Amino acid sequence: MEQERRVRPMRADAERTARAILEAAERVLSANPAATMEQIAEAAGVARTTVHRRFTSREALVDAMTAWATQQFHDAVASARPETAPPLVALYQVTANVLRVKIGWGFAMNAVKPEDSETARVHADVLDQCDRLFRRLQHTGALRPDIDLTWARRTYYALIHEAAQSQPTDARDVDELATLVVDTLLTGVGQQSLKANV
């Protein structure tokens, strides 16, 4: 029921106001997790009553932020067309898109409750898309045929997490980070494989 309440259709002006509140909450709570609803309202440029009318409590606001961020995460992967775009193009685009969400919505992404059924569904779908993309990468030779794809995917997630922690300041920096993540995944940091030396 609460999930339905969070995602019910809104008029365009109400949707803009809600989005402004969510974005302001992300900025304010990232800087100060103890910030008040009043501080969030001020940052959003709306009255405190507007925030309370749309989000009945701080918990409801954070829940709405995590729902929004989770959907942005899903859309970031899906919009890269991981199943139809050339695999290397899709890998780069997924990486850049996900980095933008993780950097722009870091507080909300970290506040996601794993037990939330909608969050679990979205993450399962993203995992499935990534698995299929990694199989395509292996099939085309971008990943070695003997590589453990689960390990490769977990390594990729760790690289994205570390890249997001660097907090780049502009789009060019995010693009450079995405390139670094993909290059590190595909070529590593050493000059040759351990297998070649044993």
Side-chain angles (χ1 to χ4, degrees), residues 1-12 14-27 29-30 33 40 51 54-87 89-139 143 148-165 174 178 181-182 185:
M1 178 67 89
E2 184 166 338
Q3 181 67 20
E4 291 174 9
R5 202 162 42 241
R6 288 201 306 252
V7 297
R8 71 181 184 274
M10 294 184 283
R11 295 187 330 264
E15 179 141 3
R16 279 192 299 273
T17 299
R19 172 78 183 267
I21 294 167
L22 293 175
E23 290 176 344
E26 174 63 37
R27 290 192 309 274
L29 293 172
S30 290
I40 292 167
V51 175
R54 184 72 190 115
F55 306 102
T56 55
S57 67
R58 180 191 173 87
E59 183 180 1
L61 174 58
V62 173
D63 285 348
M65 290 170 65
T66 60
W68 175 262
T70 298
Q71 188 59 51
Q72 296 308 302
F73 174 61
H74 179 273
D75 294 348
V77 175
S79 67
R81 301 181 300 119
E83 297 184 51
T84 58
V89 172
L91 178 64
Y92 171 80
Q93 199 58 61
V94 165
T95 305
N97 291 354
V98 167
L99 278 172
R100 288 186 180 94
V101 174
K102 284 187 148 300
I103 292 162
W105 291 91
F107 177 89
M109 292 293 288
N110 288 328
V112 167
K113 298 172 183 169
E115 67 274 13
D116 180 274
S117 60
E118 180 61 14
T119 298
R121 184 196 66 75
V122 167
H123 281 271
D125 185 56
V126 167
L127 175 63
D128 191 45
Q129 291 185 67
C130 285
D131 278 344
R132 289 197 296 270
L133 174 57
F134 272 57
R135 285 196 294 274
R136 292 181 67 213
L137 288 162
Q138 190 173 50
H139 180 73
L143 295 175
D148 179 330
L149 290 181
T150 300
W151 174 255
R153 180 176 43 76
R154 289 172 63 189
T155 301
Y156 172 64
Y157 290 170
L159 289 168
I160 287 180
H161 175 76
E162 289 303 317
Q165 300 308 304
V174 173
V181 166
V182 171
L185 175 70

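Everything quoted here is computed from the prediction, not taken from an experiment.
Glu118 contributes atom CD, which lies 14.5 Å from atom NZ of Lys113 (distance to the nearest 0.5 angstrom). With rounding to the nearest 0.5 Å, the separation of CE in Met109 from OG1 in Thr66 is 10.0 Å. Between the CG atom in Leu137 and the SG atom in Cys130 there is a gap of 10.0 Å [rounded to 0.5 Å]. Remark: Arg136 CZ to Thr84 OG1 distance equals 7.0 Å, nearest 0.5 Å. Arg19 CZ to Thr17 OG1: the interatomic distance, rounded to the nearest 0.5 Å, is 12.5 Å. In this structure, CG on Asn97 lies 9.0 Å from OH on Tyr92, to the nearest 0.5 angstrom.
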(request) Just do the side chain to side chain contact (heavy atoms under 4.5 Å, CB included) check on Tyr156 and Val94 with the steps written out, would you? (result) CA-CA 11 Å; Tyr156 172 64; Val94 165; 3.6 Å; yes
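Contact between Gly106 and Glu26 at its shortest, heavy atoms only, is N-OE2, 3.2 Å. Pairing each heavy atom of Gln129 with each of Ala78, the nearest pair is OE1-CA, 3.8 Å. Heavy atoms only, all atoms of each residue included: Arg153 and Asp131 are closest at NE-OD1, 2.6 Å. When all heavy atoms of Leu61 and Leu22 are compared, the pair lying nearest together is CD1-CD2, 3.9 Å. Closest heavy-atom contact between Ala76 and Val101: CB-CG2, 3.9 Å. Contact between Ala80 and Ala85 at its shortest, heavy atoms only, is O-CB, 3.8 Å.
Atom CZ of Arg132 has more than 12 neighbouring heavy atoms from other residues, nucleotides or ligands inside a 6.0 Å radius.
Annotation: side chain of Leu91 is in contact with side chain of Leu185 (closest heavy-atom distance under 4.5 Å). Residues Tyr157 and Val98 fail the side-chain proximity criterion, which asks for heavy atoms closer than 4.5 Å. Proximity of Val112 to Phe73: side-chain heavy atoms (C-beta onward) are nowhere separated by under 4.5 Å. Residues Leu29 and Arg58 are in side-chain contact: their nearest non-hydrogen atoms beyond the backbone lie under 4.5 Å apart. At a threshold of 4.5 Å between non-hydrogen side-chain atoms, the residues Leu149 and Arg135 count as touching.
Between Arg27 and Glu23 there is no salt bridge, since no side-chain N of the basic residue sits under 4.0 Å from a carboxylate O of the acidic one.
Put simply, the residue from Gln71, Met65, Gln72 that forms a side-chain contact (heavy atoms from CB on, under 4.5 Å) with Trp68 is Gln72.
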